[in-house]
Amino acid sequence: MSKIFPDAASALEGAIEDGMLIAAGGFGLCGIPERLLDAIRETGASSLTFASNNAGIDNEGIGKLLRTKQVAKMISSYVGENKEFERQFLAGELEVEFCPQGTLAERMRAGGAGIPGFYTKTGVGTQVAEGKDHQDFPDQDGVESTYILERGIFADLSIVKAWKADETGNLIFRKTARNFNQPAATCGKICIAEVEEIVPAGALEADEIHLPGVFVNRIILGAPYDKKIEFRTVRPREEV
């Protein structure tokens, strides 16, 4: 059966419902699965939980779904640059589980590897550690330190964006767009990837592949894309 679907809406059929936990790749606006996020918005699915580095910015990325009140909870490591995110959180309309960036990536990777939990020093002694199991372990020098238990993320759906895919779902991410896409892709029951180019099976060099096709269930061609950035900073024009 072909993994290639004609568009984002058809790729989401039977894969999206209210109350799901969705792992989304991307960092800021870099490498976000924007076609799939738009399609999720159009489904009207509600009470969604997103595990993602952040929630985009106002009216971009997951920020679009915040505007339509489809997101009930964010598991994130960065919560700035989004006024609607801030407003909903302060008003008690949005639940936020703050997670350090490296811990979030590892929680996704752990879920993809079938690991239910792991211990880390990150967050010990902060609000991040509240309510979590604490254990002391010796390091390689025999010095004991306190660690906290973090849970692996097992998502109902993963949505990611890649640069290239072949017809079997092998993916290549381009430069910094690799970010959270790789671990996010592995931790969902279903993974849907939107890509800039689809090539025939066998066209990708084995050593170039970042994510094997065994993790990818559905693919769409999302191109063309606008290369969006959060802030545009330019040098002041010199007087002539």
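Residues take their numbers from the sequence shown, with the count starting at 1. None of these values were measured; they are calculated from a predicted model.
Listed by first and then second residue, the salt bridge (charged side-chain N to carboxylate O under 4.0 Å, His left out) pairs that reach into residues 119-135 are K132-E150, sequence neighbours excluded. Within the structure, every pair that satisfies the side chain to side chain donor-acceptor pair (under 3.5 Å) test and touches residues 8-27, not counting sequence neighbours, is listed here: D7-S10. Sorted by first and then second residue, the salt bridge (charged side-chain N to carboxylate O under 4.0 Å, His left out) pairs involving residues 43-56 (not counting sequence neighbours) form an empty list.
With a 6.0 Å radius and a threshold of 12 heavy atoms from other residues, nucleotides or ligands, E144 has its CD atom above the threshold. By the neighbour-count criterion of 12 heavy atoms within 6.0 Å, atom CG of D141 is densely surrounded, having more than that number from other residues, nucleotides or ligands.
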Below 3.5 Å, can you tabulate the donor-acceptor pairs from side chains in residues 157-164 to any protein atom, sequence neighbours excluded?
| from | atom 1 | to | atom 2 | distance (Å) |
| --- | --- | --- | --- | --- |
| S158 | OG | A184 | O | 2.6 |
| S158 | OG | G188 | N | 3.0 |

Review item, side-chain donor-acceptor pairs of residues 36-46, under 3.5 Å, at least two apart:
| from | atom 1 | to | atom 2 | distance (Å) |
| --- | --- | --- | --- | --- |
| D38 | OD1 | K64 | NZ | 2.9 |
| T43 | OG1 | I40 | O | 2.6 |
| T43 | OG1 | A45 | N | 3.2 |

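By the salt bridge (charged side-chain N to carboxylate O under 4.0 Å, His left out) test, R67 pairs with D58, E84, sequence neighbours left out. Looking at residues two or more places apart in sequence or on another chain, you find a side-chain hydrogen bond (donor to acceptor under 3.5 Å, both in side chains) between E93 and R87. R35 meets the side-chain hydrogen bond (donor to acceptor under 3.5 Å, both in side chains) test with no other residue; sequence neighbours excluded. Judged as a side-chain contact (heavy atoms from CB on, under 4.5 Å), and not counting sequence neighbours, the contacts of A105 are F180. For the side-chain hydrogen bond (donor to acceptor under 3.5 Å, both in side chains) test, no residue two or more places apart in sequence or in another chain qualifies with K189. When the ring pair (Phe, Tyr, Trp, His ring centres under 6.0 Å) test is applied to Y119, the partners found at least two apart in sequence or on another chain are F137. Partners of R151 by side-chain hydrogen bond (donor to acceptor under 3.5 Å, both in side chains), not counting sequence neighbours: none found.
Remark: the backbone N or O of T168 is paired with a side-chain donor or acceptor of D166 at under 3.5 angstrom. Of the possible donor and acceptor atoms, none in the side chain of E208 sits under 3.5 Å from a partner among the backbone N and O of I172. A side-chain donor-acceptor contact under 3.5 Å links N181 to the backbone of G31.
The shortest side-chain heavy-atom distance between N82 and I62 does not fall under the 4.5 Å cut-off. F85 is listed as a side-chain neighbour of L94, based on a closest heavy-atom distance under 4.5 Å. Put simply, the side chain of E194 reaches to within 4.5 Å of the side chain of E34, judged on heavy atoms. I4 has its side chain within reach of E167: a pair of non-hydrogen atoms, C-beta onward, lies under 4.5 Å apart. Side-chain atoms of F5 and I192, non-hydrogen and from C-beta on, never get closer than 4.5 Å to each other.
The two residues E196 and A223 make their nearest non-hydrogen contact at O-CB, 3.5 Å. Among all heavy-atom pairs drawn from G28 and I32, the shortest one is O-CG2, 3.3 Å. Here the closest heavy-atom approach between residue M108 and residue C187 is recorded as O-CB, 3.3 Å. Here the shortest heavy-atom pairing between G123 and A129 reads O-CB, 3.4 Å. Contact between C30 and N179 at its shortest, heavy atoms only, is O-ND2, 3.2 Å.
The structure places CD1 of I75 at 4.5 Å from CD of E97, a figure rounded to the nearest 0.5 Å. The NZ atom of K73 sits 13.0 Å away from atom CG of L48, with the distance rounded to the nearest 0.5 Å. The CZ atom of R107 sits 4.0 Å away from the CD1 atom of I153 when rounded to the nearest 0.5 Å. Rounded to the nearest 0.5 angstrom, I190 CD1 and N217 CG are separated by 6.0 Å. Here L66 contributes atom CG and N59 contributes atom CG; the two are 10.0 Å apart, rounded to the nearest 0.5 Å.
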Between L171 and I219, does the side chain to side chain contact (heavy atoms under 4.5 Å, CB included) criterion hold? Intermediate values first, please. CA-CA 10 Å; L171 301 183; I219 312 164; 5.5 Å; no
Side chain to side chain contact (heavy atoms under 4.5 Å, CB included) between T120 and I148: does it pass, once the steps are laid out? CA-CA 6 Å; T120 176; I148 56 174; 4.2 Å; yes
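A donor-acceptor contact under 3.5 angstrom links the side chains of N53 and S77, judged on distance only.
Hydrophobic clustering keeps V199 apart from F173 (ILVMFWY residues linked when any side-chain heavy atoms are closer than 4.5 Å, directly or through intermediates). Residues L21 and L104 share a hydrophobic cluster, clusters being chains of Ile/Leu/Val/Met/Phe/Trp/Tyr side chains in contact below 4.5 Å. The cluster map of Ile, Leu, Val, Met, Phe, Trp and Tyr, joined by side-chain heavy atoms under 4.5 Å apart, puts F154 and F215 in different clusters. Placement of Y147 and F118 in two distinct hydrophobic clusters is found when ILVMFWY residues are connected by side-chain heavy-atom separations under 4.5 Å, directly or transitively. When hydrophobic clusters are built by joining Ile, Leu, Val, Met, Phe, Trp and Tyr residues whose side-chain heavy atoms come closer than 4.5 Å, directly or via intermediates, V71 is grouped together with L90.
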